[in-house]
Amino acid sequence: MAAENKDNTLMEKLSALCKRRGFIFQSSEIYGGINGFWDYGPLGVELKRNVKNAWWEDVVRRRDDIVGLDCSIIMNPKVWEASGHVGGFNDPMVDCKECKARFRVDKVFTVVIRDKNDGIILTAVVEADDEQSALQEARRSANSKTRRKFANTKDDLSETVLRTDELSKDEVCPCPKCGGELTEPRQFNLMFKSHAGASEDSASVVYLRPETAQGIFANFKNVLDTSRLKLPFGIAQIGKAFRNEINPRNYTFRSREFEQMEIEFFCRADEADKWYEYWRDARFQWYIDHGLKSEKLRLRNHETDELAHYARACADVEYEFPFGVSELEGIANRTDYDLKAHQEASGRDMTYFDDETRERFIPYVIEPSGGVDRAVLAFLCEAYTEDEQPDDKGKMQSRVVMKFHPRIAPIKVAVFPLVKKEGMPEVARKIHAACRDAGLASFYDEKGAIGRRYRRQDEAGTPLCVTVDGQTIEDDTVTIRDRDSLLQQRIAAGDVVSFVQERIS
RNA sequence: GCGGGCGUAGCUCAGUGGUAGAGCGUCACGUUGCCAACGUGAAUGUCGUGAGUUCGAAUCUCAUCGCCCGCUCCA
């Protein structure tokens, strides 16, 4: 309990810092906000962009076997019928008005068992996956007297099993848990709907994509025909996706508008297991390499009964957030399910022809699918650190520092004149300009006390601070200060750019 | 969607029917000269929003929006 309170405090402190320093704002805040939508401020957009750029650099630019793609958010609605999203994203649910339990309509069954004279021996309402298990569950729940009746009248029983949504209006189905009254079934439309064109009739209905993956599958042939790639190869995409989450929670973790970074890596069926393991391990390592400590980061292989119908294997990269362990990225072996589905639905050929073996087949696909916003949130949680550092009188003061990995830090280096006179600002501005010209995100600040400026950069997570002082004017050296250790060393002003570049790479 | 808690300055919060507050932060000037310095001054509020009760509402009532926790959900 104590630990939970502490963790809640951490999330509150983090979200307060994110607002105070301009990482994350609530969307439409001046109008009271909107549930499940978030904005990234000046520091947040740099952080998020750095995360996306690092991913793109590592999975596209530095590889010969993966190419990029940027699809439209709105696609022909037939895409979502073929992918199963139109059917599978709409589960009607009922709630119990008494005990507040919620059930999927198609998982609640009413079981009636009668003898040959039509006398009712047992009625029961149970939660089960199908009719068969509903009947078993109902028989199991019967008391001993009823069970004896079962035994005595073995072959003359008539059994009726009805799903909740198959009952007629006047038949009331009570709650399987407490016997309370259930609400009318309610539809949950998890895809955002809109209309393409000005007329809002049913023919114009379109959906905002709930995942970026389908755009890749839909373009499989286009990429194959234009890129001269051979199996195995991948197509990568970063982009927004939209899901009408029933209950957005946990800061930006479960948002209704979010960004995905996905690879669909196509390969031969007999090599799918090998590539699945390759990507699972590579993607796990990527998060470690960018600062997530492995004791908070986990790789969890899904149990067989946990797998989605289209997946042969799946693993989640999970992170221990203050609010619990949650998924950052899923790596799945989706087999040839998606391309097959689109081949059937569109009537277009989705096969690959292997010149060497003279075989024609639909490739398997390994999908590493990560949430950009979730990665950013994990990096924020991991970076947030409070420590004790001495002030100018040697007294220990608490300090908040965002210990970002240098590659994702919004600002790489801050340049200060120790004081705003004696030519120091001019020298500092030159160093600042040199950093910028070298492509470094540099920040110049000459206002207020030097200690305060350092601490401000600590909250922004800037790895290095350069200070121009009186000695700079004499011998052209500056101090450079490390965010985590607070250690300073003196280097030549002309070496600042190369020093910073070496330290952040 | 249900239940509970919360919503007052940029941030953290005090204020239980009678003049809108504190600390921190921000800005300016001076001083200072390497880790949240000091002094002086300044700016910043639809008290989440909308109705109602009342002579009078930040405060009481209702609705609504948002945030947090639990349940639920998580293709």
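Numbered from 1 within each chain, the chains take letters A, B, ... in sequence-line order.
- Look at A/Asn35 and you won't find any side-chain N or O under 4.0 angstrom from OP1 or OP2 of B/rC65.
- Proximity of A/Asn250 to the phosphate of B/rC67: no side-chain N or O atom is located under 4.0 Å from OP1 or OP2.
- Remark: aromatic rings of A/Phe323 and A/Phe321 are close, center separation under 6.0 Å.
- Within 4.0 Å of A/Arg453, counting heavy atoms only, lies no atom of the nucleic acid at all.
- Ring planes of A/Phe37 and A/Phe192: perpendicular class, angle over 60° (limits at 30 and 60°).
- Checked against a 6.0 Å centroid threshold, the rings of A/Phe379 and A/Phe404 do not count as neighbours.
- In this entry B/rC60 has B/rG52 as its Watson-Crick or G-U wobble partner, both defining distances falling under 3.5 Å.
- The partner of B/rU16 is absent, by the rule that a Watson-Crick or G-U pair needs both atom distances under 3.5 Å.
- Rounded to whole angstrom, the span from the CZ atom of A/Arg249 across to the C1' atom of B/rU72 amounts to 10 Å.
- Contact annotation for A/Tyr251: backbone-only contact, meaning every heavy-atom pair under 4.0 Å involves sugar-phosphate atoms and none involves a base.
- When the C1' atom is used for both B/rC6 and B/rA14, the distance is 15 Å, rounded to whole Å.
- As rounded to the nearest Å, B/rA57 and B/rG5 have C1' atoms that lie 23 Å from one another.
- A 3.5 Å limit on both hydrogen-bonding distances identifies no Watson-Crick or G-U partner for B/rU46.
- Comparing the C1' positions of B/rU32 and B/rU49 gives an interatomic distance of 48 Å, to the nearest angstrom.
- Base engagement by A/Leu486 is indicated by at least one non-hydrogen atom pair under 4.0 Å involving a base atom.
- Residue A/Ala16 is classed as a sugar-phosphate contact, given heavy-atom separations below 4.0 Å to backbone atoms only.
- Across all strands, A/Ile34 comes closer than 4.0 Å only to sugar-phosphate atoms, never to a base (heavy-atom distances).
- A straight line from CE of A/Met424 to P of B/rU32 spans 13 Å, rounded to a whole angstrom.
- As rounded to whole Å, 10 Å separates atom P of B/rA28 from atom CD of A/Glu446.
- Looking at A/Glu262 and A/Thr212, their side chains do bring a donor and an acceptor atom within 3.5 Å of each other.
- Between A/Trp38 and A/Tyr251, the distance separating the two ring centers is shorter than 6.0 angstrom.
- Judged by atom type and distance alone, A/Arg254 reaches the base of B/rC74 through a side-chain donor-acceptor pair under 3.5 Å.
- B/rG4 sits 22 Å from B/rC13 when the C1' atoms are compared, rounded to a whole Å.
- At the heavy-atom level, A/Glu29 lies nowhere under 4.0 Å from the strands shown.
- Here B/rC68 presents its P atom at 18 Å from NZ of A/Lys13, a figure rounded to the nearest Å.
- Figure legend. B/rA9 is base-paired to no nucleotide; pairs are counted as Watson-Crick or G-U wobble with both atom distances under 3.5 Å.
- Summarising the base pairing, B/rG3 is matched to B/rC69 through a Watson-Crick or G-U wobble pair whose two defining distances lie under 3.5 Å.
- Among residues two or more places apart in sequence or in another chain, the ring pair (Phe, Tyr, Trp, His ring centres under 6.0 Å) test is passed with A/His342 by none.
- Figure legend: cation-pi geometry between A/Arg283 and A/Trp286, with NZ or CZ positioned under 6.0 Å from the six-membered ring centre and within 45° of its axis.
- Where A/Gly448 and A/Pro248 each meet RNA chain B at their nearest nucleotide, the meeting point lying more 5' is that of A/Gly448.
- Spacing of C1' atoms, B/rU59 relative to B/rG23, comes out at 23 Å, to the nearest Å.
- Rounded to a whole angstrom, the distance from the P atom of B/rA42 to that of B/rA22 is 13 Å.
- Across all strands shown, B/rG39 forms a Watson-Crick or G-U wobble pair with B/rC29, both key distances being under 3.5 Å.
- For the pair A/Arg209 and A/Phe242, the cation-pi criterion (under 6.0 Å, within 45° of the ring axis) is not fulfilled.
- One interatomic measurement links the two molecules: CG of A/Asp387 to C1' of B/rC35, which rounds to 12 Å at whole-angstrom precision.
- One C1' atom belongs to B/rA58, the other to B/rG41, and the distance between them is 30 Å to the nearest Å.
- The nearest heavy atom of RNA chain B to A/Lys19 and to A/Asp469 marks one nucleotide each, and the one closer to the 5' end goes with A/Lys19.
- For the pair A/Asp316 CG and B/rC74 C1', the interatomic distance rounds to 11 Å; values are reported in whole Å.
- Closest approach to the A/Val400 side chain among B/rA36, B/rA37, B/rC34 is made by B/rA36 (side chain taken as heavy atoms from C-beta onward).
- Among the heavy atoms of the strands, none lies under 4.0 Å from A/Gln471.
- Between B/rG3 and B/rA63, the distance separating the two P atoms is 11 Å to the nearest Å.
- If you check every strand for non-hydrogen atoms under 4.0 Å, A/Ile30 touches a base.
- Not a single donor-acceptor pair, N or O on each side, falls under 3.5 Å between the base of B/rG25 and the side chain of A/Arg452.
- When the P atom of B/rC11 is taken as reference, atom CD of A/Gln26 falls 11 Å away, rounded to whole Å.
- To the nearest angstrom, P of B/rG25 lies 17 Å from NZ of A/Lys447.
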